[in-house]
2 protein chains.
Amino acid sequence: MQNLSKTINNNMGKTNCSCEKCQLKSLFFSHVDASEMSNICDIKVEKQYSKGEIITTEGEPIREFIYMKEGLVKLSKTGTDGKDQIISFSKPFDFVSLLSVFSSKTYKYSVTAIEDTTVCILDLDVVKNHAQENALFAMDLMARISEATDKILLDNLAIKRKHLKGRIAHVLLYFSDYIYKNDEFELPISRREIAEYIGMTTENVIRTLSEFRKDKIIKIFGKDILISDKKRLQNISDFG
Amino acid sequence: MQNLSKTINNNMGKTNCSCEKCQLKSLFFSHVDASEMSNICDIKVEKQYSKGEIITTEGEPIREFIYMKEGLVKLSKTGTDGKDQIISFSKPFDFVSLLSVFSSKTYKYSVTAIEDTTVCILDLDVVKNHAQENALFAMDLMARISEATDKILLDNLAIKRKHLKGRIAHVLLYFSDYIYKNDEFELPISRREIAEYIGMTTENVIRTLSEFRKDKIIKIFGKDILISDKKRLQNISDFG
DNA sequence: ATTATACGCTGTTAATTATCATAACGCGCT
DNA sequence: AGCGCGTTATGATAATTAACAGCGTATAAT
């Protein structure tokens, strides 16, 4: 898989990606004119990451502006004790490189693919130069960053208000309603990662999932989850 | 006090504020030229809030771009159950209006003065227009928003990692080291507000402060706190 | 002076969560 | 197949935190 992405990298990513047709073009580049756009398009590199591969590493210098075309990633940070905390999950429209690209020299968080993920990579200096010359583009970026950040903060606050069961319910509904839009889905993360996300222990995540199963709220087949009593789960999320 | 701020409001805030000398000018407006600046200066209104006064209210439409000149505020959000959560505290250089000014029509959080606070208020549309025409200004704003957000996220993550005692120690050190730069200070918030900030109950905040007092780590006189054993407090914050 | 009210403080009990221990299971590897 | 390893699973116990109840104090309003 590493080979695959390297191959695409060497091809300059031209194989699968046409900027003109890109869904995301309107999000980031609606105020960028055709000649500028072709300039951006020439330097962009499309890159694929398999589930589990690290996209950016905490502490590394930020050289690139990255946006997601496809897939699912986690943002995480390693504490001084070596334990990870997951800050959020992002799918394409939510993710604007890293939040700190315009204020920090190094990545404050790591980004890891939790499903096969395709990103487009632009040289950060080029993007910055464009932003400095095109205020509407800069404003678009600002709005995107703002939205992404707000979403993370609101989600964190919502989780903080809840107890163990409510937090687990919240996560299940997050994947069911927001990510997969289906009552049945395959969890893209381990129980430990759920724990890192909601700030509880792995054992309690496992235990609580088992309880939900015993209470016939969900069915579990390894990582496959089926939500059989959504109302109850919603209720636990809202009031637990 | 309400009268005082009204008076200043009616004076168009010209009484005490000269934009040319303003410390914050370089932060937000370093890339705004003299004529633009005088334009901005003409429409700005300086406003004072006494401790406890609400500056912006969650849910209200965002019409203004606000930045702090002086003071201390809290950002908070009310949950569906009516309970408040405090997201962060901000002093002048940290605070860039509300994070969502460029992505949302309404305030997602409330801002309340927890010390007497002076802010400068600009019409949001005017600021947006300036940003749309001056990309460097837009970039400056973006960097500010990014920094402010990162600080909030990192602080929240640090708190999340800790237990009750570590969280209390964290808060005490936050005010001592970051806000007041003094081992002795007056807490600008109540025990309940500390609880709302760290996500624990008021009783436990009070109890823990008492324990710290019994352990001779701090001295307490109502809201006055004196940190007598900073090393131990730091240790509790780092490992508790 | 009296009432109301918010706040700070403490003790007790109940609930929640972490920690430790153990075991089954799946999966890649040889 | 058998081994090693990480994940999932469950139980017992300890630690932590919440919830409830009570009480004193300061402050402001009547």
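Here is how names work: the chains are called A, B, and so on, in the same order as the sequence lines, proteins then strands, and each is numbered from 1.
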Asks: Check whether any side-chain nitrogen or oxygen of B:S190 sits under 4.0 Å from OP1 or OP2 of C:dA6, and answer yes or no.
Replies: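 Negative; the distance criterion is not met.
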Asks: May I have the distance from B:K162 (atom NZ) to C:dT17 (atom P), rounded to whole angstrom?
Replies: 21 Å
Asks: Across the strands shown, which category fits A:K165 at heavy-atom distances under 4.0 angstrom: base, sugar-phosphate, nothing?
Replies: nothing
Asks: Students often get this wrong, so: under 4.0 angstrom with heavy atoms, is B:R167 touching a base, only sugar-phosphate, or nothing?
Replies: nothing
Asks: I want to check a possible cation-pi pair here: A:K44 against A:F65, using under 6.0 Å from ring centre and within 45° of the ring axis as the test.
Replies: no
Asks: Nearest whole angstrom, please: distance from the C1' of D:dT7 to the CZ of A:R192.
Replies: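 Checked: the CZ to C1' distance equals 9 Å.
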Asks: Counting only side-chain N and O atoms of A:T202, is one of them less than 4.0 Å from OP1 or OP2 of D:dT8?
Replies: no
Asks: Check the angle between the aromatic planes of B:F185 and B:Y180 and answer parallel, tilted or perpendicular using the 30° and 60° thresholds.
Replies: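 Parallel, since the angle between the ring planes stays under 30°.
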Asks: Please tell me if B:R213 has a side-chain N or O lying less than 4.0 Å from either OP1 or OP2 of C:dT10.
Replies: yes
Asks: Ignoring hydrogens and geometry beyond distance, is a side-chain donor-acceptor pair present between A:Y109 and B:D150 at under 3.5 Å?
Replies: yes
Asks: What is the nucleic acid contact for B:K214, judged by heavy atoms within less than 4.0 Å: base, sugar-phosphate only, or nothing?
Replies: nothing
Asks: Is the cationic atom of B:K181 (NZ for Lys, CZ for Arg) positioned less than 6.0 Å from the six-membered ring centroid of B:Y178 and within 45 degrees of its normal?
Replies: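 Yes.
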Asks: Measure CD/B:E196 against C1'/C:dC7 and give the value in whole Å, please.
Replies: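 The answer, rounded to whole Å, is 13 Å.
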Asks: For the pair made of NZ in B:K223 and P in D:dA26, what is the distance, rounded to whole Å?
Replies: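 The answer, rounded to whole Å, is 15 Å.
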Asks: Whole angstrom is fine here: how far is it from CD1 in B:I189 over to P in C:dA6?
Replies: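 Those two atoms, CD1 and P, are 19 Å apart.
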Asks: Report yes or no: do B:D84 and B:T78 form a side-chain donor-acceptor pair below 3.5 Å?
Replies: yes
Asks: Rounded to the nearest Å, what distance is computed from the CG atom of residue A:L209 to the P atom of nucleotide C:dT17?
Replies: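 Going from CG in A:L209 over to P in C:dT17 covers 14 Å.
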Asks: Output one letter per nucleotide in nucleotides 18-24 of chain D: B when a protein non-hydrogen atom lies under 4.0 Å from the base, S when only the sugar-phosphate is that close, - when neither is.
Replies: BBB----
Asks: For A:S88 and A:K151, which I'm curious about, is there any donor-acceptor pair between the side chains at under 3.5 Å?
Replies: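 Short answer, no.
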Asks: Does C:dC7 have OP1 or OP2 sitting under 4.0 Å from an N or O in the side chain of B:R191?
Replies: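 The answer is no; no side-chain N or O of B:R191 sits under 4.0 Å from OP1 or OP2.
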Asks: How close or far is atom C1' of C:dG26 from atom CG of A:D224, stated in whole angstroms?
Replies: 14 Å
Asks: CD1 of A:I206 versus P of C:dT22: gap in Å, rounded?
Replies: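 For the pair A:I206 CD1 and C:dT22 P, the rounded distance is 18 Å.
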Asks: So that I can tick it off, tell me whether B:K108 and B:E58 are bridged by a salt bridge, with the cut-off set at under 4.0 angstrom between side-chain N and carboxylate O.
Replies: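 Answer for the salt bridge query: no.
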